[in-house]
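Worksheet for the structure shown next.
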There are 2 protein chains.
Amino acid sequence: MAVTIKDVAKKAGVNASTVSRVLKDSPEISEKTKVKVRKAMQELGYTRNVAAQILASGKSNTIGVVFPPVEDKSNQPFYMKVLTSINETARKYDVSIAVVTGYKESELKQQVALMYSEKRVDGFIVLYAGQTDSVRDYLLDKKIPFVLLGTPTEKQNEITHVDNDNVLMGHEAARYLIDLGHDEISFVTDTKDGEVFKERYQGYQDEMLKRKRQPKLLVFDEDMSLQTETGLVVMDEVVALKVIARLAEQGLKVPEDVSVITYNNSAFSTIVHPYLTTFDINIVGLGAATVEKFLALTQNERGFHDKTIIPFELILRESTDRKK
Amino acid sequence: MAVTIKDVAKKAGVNASTVSRVLKDSPEISEKTKVKVRKAMQELGYTRNVAAQILASGKSNTIGVVFPPVEDKSNQPFYMKVLTSINETARKYDVSIAVVTGYKESELKQQVALMYSEKRVDGFIVLYAGQTDSVRDYLLDKKIPFVLLGTPTEKQNEITHVDNDNVLMGHEAARYLIDLGHDEISFVTDTKDGEVFKERYQGYQDEMLKRKRQPKLLVFDEDMSLQTETGLVVMDEVVALKVIARLAEQGLKVPEDVSVITYNNSAFSTIVHPYLTTFDINIVGLGAATVEKFLALTQNERGFHDKTIIPFELILRESTDRKK
DNA sequence: CTGAAAGCGCTTACAG
DNA sequence: CTGAAAGCGCTTACAG
């Protein structure tokens with residue numbers, strides 16, 4: 001059968017409890033003993049039994065990662081990337097992750113409740129920040145530890161969360177276009193819902209006013225048409241692609257006639273020319289921060305919930321140019 | 001503390017072992033006792049402790065799902081969708097899933113080895129079928145049970161796998177265009193690597209010859225130009241978008257001048273007009289089959305490894321039309 | 001059909 | 001700094 005702690009103990013000439021302590025690198029154990037025990041583990045090819053650890057310690061050392069209900073499939077490449085980043089980071093800290101997916105919010109909530117009550121997870125990372133969300137409400141209500149990726153509309157001081165500075169990204173987009181010589185710049189979105197939109201739009205607006213330009217909001221649909229704009233700040237890349245196609249139908253070229261700047265730096269930004277000038281939101285950084293904050297939350301028992309801001313980066317490509 | 005099997009046993013006036021048997025709905029237990037025990041579980045709000053079950057039974061009841069190394073990010077929306085489908089199906093059968101991700105193949109292999117030796121998983125589902133893959137080789141070598149999503153180039157009789165019938169999808173694409181009146185139809189791909197390409201291309205080729213048309217292969221790059229083709233079968237939707245953009249530069253419109261049919265029905269197919277006529281590969285079905293085959297593999301101990309073929313469906317949209 | 005008992009492989013006060 | 005012992009919450013032959 002598999003090698004256990006007892007086999008190692010016998011081989012090293014110590015008690016099983018000592019092996020256990022070496023396993024977690026307890027400072028109580030002498031270096032000498034550690035070396036001896038580790039050698040025995042090595043020689044025997046020992047690997048821990050996770051289930052036994054969990055049962056004995058009462059800690060699962062795993063985090064449940066909650067994905068948005070599938071209908072809400074906005075920007076899918078994002079999720080695969082965060083998952084990878086979260087998983088890598090978790091492994092670094094020797095914790096596991098369990099995924100929670102579902103087609104409806106109610107399914108998610110049910111799974112979250114079950115997982116926690118079965119002691120499979122110590123808490124959750126929630127990958128979306130909808131206006132209202134029954135999962136979040138449940139976690140808050142039951143005082144289950146969790147970290148939110150995104151910015152909640154309410155209770156920001158009760159929720160540990162990680163996000164980019166979307167207001168600043170709004171500012172920066174406007175500033176970049178203005179600095180290229182553009183004066184008439186609109187903000188284009190397909191939806192007015194969500195904190196992300198509100199923050200980016202607000203930043204854009206503030207910058208425009210500060211620079212004495214008139215802000216203007218365009219809600220995209222397939223009949224959208226431009227007045228005199230030569231610059232566009234677009235909510236995300238899928239919308240940007242649609243906007244550019246629409247402009248082409250009107251005989252307007254990007255970037256010759258209008259410059260387009262957008263957000264996320266997803267796979268969509270380099271499919272067809274013009275490749276998109278866009279803000280990279282640093283998904284790897286977002287994912288990593290999310291697990292680090294979770295660990296801090298559950299281990300250090302700090303009394304408050306903070307917000308972590310991950311820096312972004314502007315990626316210059318083909319969809320922006322100086323005003324002609 | 002949490003409610004255990006003992007509490008339930010006491011309340012129901014039976015032994016803990018009986019409760020355990022009720023938990024797995026053992027046929028040995030009388031209906032009457034089951035009812036009594038379930039009532040007690042209900043009233044006490046019992047939930048099982050998964051770690052204890054795993055430790056006592058020696059079965060983890062969880063499947064490791066191996067994602068491709070991130071560089072290989074082809075068609076990312078695909079992975080989020082299969083994940084969801086796999087997760088839903090797994091839950092239905094009361095098994096868990098653990099994800100294995102990494103930036104390099106070697107990382108994946110290392111994780112797979114560790115997970116299995118720590119008894120976290122009973123085996124794996126591998127979500128990609130590269131020409132060579134050290135993960136697959138490792139699993140084969142160690143005789144660890146796994147199911148492959150895709151078709152392996154070699155050892156098809158030693159690997160249980162799930163896939164679409166890509167040859168047939170090649171046939172169907174050619175047939176559909178021919179039936180629309182097109183005669184000069186090329187197959188367009190950006191890479192000649194991989195089973196998927198080979199099979200789709202072969203099916204296309206066979207159909208063309210059968211119908212007395214001349215098959216022709218075009219490898220896409222940004223200078224690609226058409227001769228006299230009026231129909232194109234394109235490997236996937238991202239390539240299709242690029243092809244359509246390239247055609248536009250040459251003054252050719254889709255579908256007026258050339259019809260384009262492609263594969264996968266991903267999010268890319270309905271971003272901009274013309275929306276793409278494409279084959280839906282039934283990702284939900286693929287994911288579900290993958291876990292069902294895994295369960296059959298580990299539970300029934302059949303002696304052989306089979307291939308499961310999931311049906312596809314042609315989705316008619318705007319990129320194809322009768323020949324003018 | 002059900003019970004009593006041993007055991008799965010760890011952790012963790014408690015003692016020394 | 002280390003050991004002996006109890007315990008985590010289940011499962012599963014074995015017996016009847």
Side-chain angles (χ1 to χ4, degrees), chain A residues 1-38 40-41 44-62 94-96 114-120 122, chain B residues 1-38 40-41 44-62 94-96 115-120 122 299:
Chain A
M1 288 301 304
V3 181
T4 73
I5 221 179
K6 280 186 189 169
D7 304 320
V8 175
K10 187 176 292 173
K11 175 130 189 164
V14 299
N15 187 279
S17 52
T18 301
V19 176
S20 172
R21 291 188 183 105
V22 173
L23 227 38
K24 35 179 45 69
D25 201 17
S26 160
E28 289 181 315
I29 303 292
S30 72
E31 257 328 298
K32 208 174 132 197
T33 306
K34 281 185 183 172
V35 170
K36 195 169 58 180
V37 171
R38 285 192 183 122
M41 295 198 302
L44 260 27
Y46 171 79
T47 37
R48 62 181 180 166
N49 182 310
V50 178
Q53 285 186 318
I54 295 175
L55 180 58
S57 71
K59 282 173 247 145
S60 74
N61 271 318
T62 113
D94 207 30
V95 308
S96 305
L114 187 64
M115 272 197 166
Y116 193 72
S117 74
E118 286 183 345
K119 302 199 186 322
R120 286 171 175 284
D122 300 326
Chain B
M1 289 299 306
V3 181
T4 73
I5 221 179
K6 281 186 190 170
D7 303 321
V8 176
K10 188 177 292 173
K11 174 130 189 164
V14 299
N15 188 278
S17 52
T18 301
V19 177
S20 172
R21 291 185 185 107
V22 174
L23 226 38
K24 35 180 46 69
D25 201 16
S26 160
E28 288 182 313
I29 302 292
S30 71
E31 257 330 297
K32 206 175 135 199
T33 306
K34 282 185 183 172
V35 169
K36 193 170 59 182
V37 171
R38 286 193 181 119
M41 297 198 300
L44 260 28
Y46 171 79
T47 37
R48 63 183 179 164
N49 182 312
V50 179
Q53 285 186 318
I54 295 175
L55 179 58
S57 70
K59 282 173 249 146
S60 74
N61 272 317
T62 114
D94 207 29
V95 308
S96 304
M115 271 197 168
Y116 193 71
S117 73
E118 286 183 344
K119 303 198 185 320
R120 285 170 175 284
D122 301 326
Q299 291 171 355

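Lettering follows sequence order; numbering is per chain, from 1.
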**Request:** Could you state the atom-to-atom distance from NZ of Lys6(A) to P of dC10(C) in whole Å?
**Result:** 10 Å
**Asked** Considering heavy-atom distances to DNA chain C, does Leu23(A) or Thr33(B) have its closest nucleotide positioned more toward the 5' end?
**Response** Thr33(B)
**Prompt:** Roughly how many Å is it from NZ in Lys10(B) to C1' in dG3(C), rounded to a whole number?
**Reply:** 16 Å
**Fill in**
Read 5' to 3' with Watson-Crick or G-U pairs under 3.5 Å, [ ] for crossing pairs and | for partners on another strand, DNA chain C gives |||.||||||||.|||
**Complete:** Taken to the nearest whole Å, CG/Leu55(B) to P/dG9(D) is 12 Å
**Complete:** Against the side chain of Ile5(B), the closest entry in dC10(C), dG9(D), dC10(D) is dC10(D)
**Asked** Do you know which two heavy atoms are closest between Tyr46(A) and Leu23(A), and how far apart they sit?
**Response** OH-CD2, 3.7 Å
**Asked** Taking atom P of dT11(C) as reference, at what distance in whole Å does atom CD1 of Ile54(A) sit?
**Response** 11 Å
**Request:** Report the distance from atom CG of Asn49(B) to atom P of dC10(C), rounded to the nearest whole Å.
**Result:** 16 Å
**Message:** Test your reading of the model: is there a side-chain donor-acceptor pair from Asn61(A) to the backbone of Val95(A), 3.5 Å cut-off?
**Reply:** no
**Message:** I'd like to check the salt bridge (Lys or Arg N to Asp or Glu O under 4.0 Å) partners of Arg38(A); sequence neighbours left out, ordered by chain and number.
**Reply:** Asp25(A)
**Polar side-chain atom of Ser96(A) near backbone of Thr62(A) as donor-acceptor pair, under 3.5 Å** = no
**Prompt:** Can Arg21(B) and Val37(B) be said to form a side chain to side chain contact (heavy atoms under 4.5 Å, CB included), step by step?
**Reply:** CA-CA 10 Å; Arg21(B) 291 185 185 107; Val37(B) 171; over 6 Å; no
**Asked** Do you know the tightest heavy-atom contact between Gly45(B) and Val3(B)?
**Response** O-CG2, 4.3 Å
**Message:** If you compare every side-chain N and O of Gln53(B) against the phosphate oxygens of dT11(D) (OP1, OP2), does one of them come in below 4.0 Å?
**Reply:** yes
**Message:** Counting only heavy atoms not in Lys10(A) (residues, nucleotides, ligands), do more than 12 fall under 6.0 Å from its NZ?
**Reply:** no
**Item:** Separation of dC10(D) C1' from Glu118(A) CD (nearest whole Å)
**Value:** 13 Å
**Request:** Take atom CG of Asn61(A) and atom C1' of dC10(C), then tell me their distance rounded to the nearest Å.
**Result:** 13 Å
**Request:** For Glu31(B) and for Ala52(B), find the nucleotide of DNA chain C with the closest heavy atom, then tell me which residue's nucleotide is more 5'.
**Result:** Glu31(B)
**Request:** Indicate, with a heavy-atom threshold strictly under 4.0 Å, whether Val14(B) touches base, sugar-phosphate, or nothing.
**Result:** sugar-phosphate
Show each protein N/O and nucleotides 12-16 of chain D N/O combination with a separation under 3.5 Å, one pair to a line.
residue, atom, partner, partner atom, Å
dA13(D), N6, Arg21(B), NH2, 2.6

**Prompt:** What pair of heavy atoms forms the shortest contact from Tyr116(B) to Asp122(B), and how long is it?
**Reply:** CE1-O, 3.7 Å
**Request:** Indicate, with a heavy-atom threshold strictly under 4.0 Å, whether Val19(B) touches base, sugar-phosphate, or nothing.
**Result:** nothing
**Item:** Donor-acceptor pair, side chain of Lys34(B) and main chain of Ser26(B), under 3.5 angstrom
**Value:** yes
